[in-house]
Amino acid sequence: MIGNIILLGPPGSGKGTQAKLLAERLKIPHISTGDILRAAKGTELGDRAAEYMNRGELVPDTVLIAMIEDRLSQQDCAAGCILDGYPRTIPQADALSEILTELNREIKTVLDIEVPDDRLITRLSARRVCACGATYQLTFNPPQLEGVCDLCGGALYQRDDDTEESVRNRLLVYKRETQPLIDYYRSQGLLVAIDGSGGITEIADEIYRAVS
Ligand code: AP5
Ligand code: MG
């Protein structure tokens with residue numbers, strides 16, 4: 001049993017980048033609620049969620065709680081998983097505790113990836129993504145060929161919520177709704193702070209040490 005690892009951190013802090021690397025190292029699933037919602041595009045749920053996401057608002061708790069309960073019940077999560085972007089509110093965190101208790105599992109560690117605001121905005125304004133899940137940053141982590149994914153050759157594009165207005169709102173919403181989870185998990189003795197302002201590999205090694 002590897003256990004369940006939560007990645008907290010503001011938009012652009014590197015949750016997705018680090019969760020992917022850690023999932024490969026630990027061989028457990030990477031569950032990104034943002035990715036699940038984006039993949040639902042074209043369905044009623046996905047299109048309703050996109051209205052909140054494009055404004056940088058949170059999708060209602062009831063939707064997310066049902067989604068995470070369903071995902072954690074799947075067999076591939078039995079040895080643990082990496083939660084990227086869930087929980088984001090106190091009610092979501094309370095629901096997660098109940099779901100894990102029901103499944104006879106627990107939270108192993110909560111990693112809080114800390115990055116100054118000005119750096120977050122720089123990172124997100126130059127993020128490019130591919131439909132295959134790869135993520136690039138035009139300055140720090142560019143693709144070999146402009147506009148083309150190194151992994152699958154697909155066309156890179158900008159996420160709908162990476163507009164300056166949406167990014168600024170996502171940061172405000174993070175501070176209001178999600179930052180209280182830092183004290184919530186610190187009081188449970190589960191929190192480890194990670195300096196997310198260095199290089200991707202260096203941070204990945206620090207995270208790996210924190211969960212080993
Ligand atoms: P989500 O998709 O989770 O977005 P987010 O939290 O805003 O975070 P991002 O994905 O933008 O950033 P990240 O921390 O993953 O950083 P990344 O690794 O990409 O959620 C989107 C929306 O869905 C929410 O706003 C909400 O509407 C909804 N939602 C999702 N979950 C929800 C929930 N639980 N409840 C309610 N609503 C929910 O890195 C960013 C960039 O920086 C990339 O370009 C990357 O290449 C680069 N980078 C990464 N690390 C470094 C580094 N060390 N140095 C330099 N560049 C770096
Ligand atoms: Mg992400």
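Indexing begins at 1, ligand by ligand and atom by atom, following the structure's order.
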> Which residues pass the side-chain hydrogen bond (donor to acceptor under 3.5 Å, both in side chains) test with Glu114, sequence neighbours left out?
Replying inline: none
> Are the charged groups of Asp162 and Arg127 less than 4.0 angstrom apart, N to O?
Replying inline: yes
> When you check the gap from the basic side-chain N to the acidic O, do Lys41 and Asp47 get nearer than 4.0 Å?
Replying inline: no
> Does NZ or CZ of Arg88 lie under 6.0 Å from the centre of the six-membered ring of Tyr174, at an angle within 45° of the ring axis?
Replying inline: no
Using residues 190-200 as the side-chain source, report each donor-acceptor pair under 3.5 Å to any protein atom, sequence neighbours left out, with the distance given to one decimal.
{"residue": "Asp195", "atom": "OD1", "partner": "Ser197", "partner atom": "N", "Å": "3.0"}
{"residue": "Asp195", "atom": "OD1", "partner": "Ser197", "partner atom": "OG", "Å": "2.6"}

> Apart from Leu138 itself, what residues make up its hydrophobic cluster when side-chain heavy atoms of I, L, V, M, F, W and Y under 4.5 Å apart count as a link, directly or indirectly?
Replying inline: none
> What residues come within 4.0 Å of ligand 1, counting heavy atoms only?
Replying inline: Pro10, Pro11, Gly12, Ser13, Gly14, Lys15, Gly16, Thr17, Thr33, Gly34, Leu37, Arg38, Met53, Glu57, Leu58, Val59, Leu64, Gly85, Tyr86, Arg88, Gln92, Arg123, Leu124, Arg127, Thr135, Tyr136, Gln137, Phe140, Asn141, Arg159, Asp161, Arg170, Gly198, Gly199, Ile200, Ile203
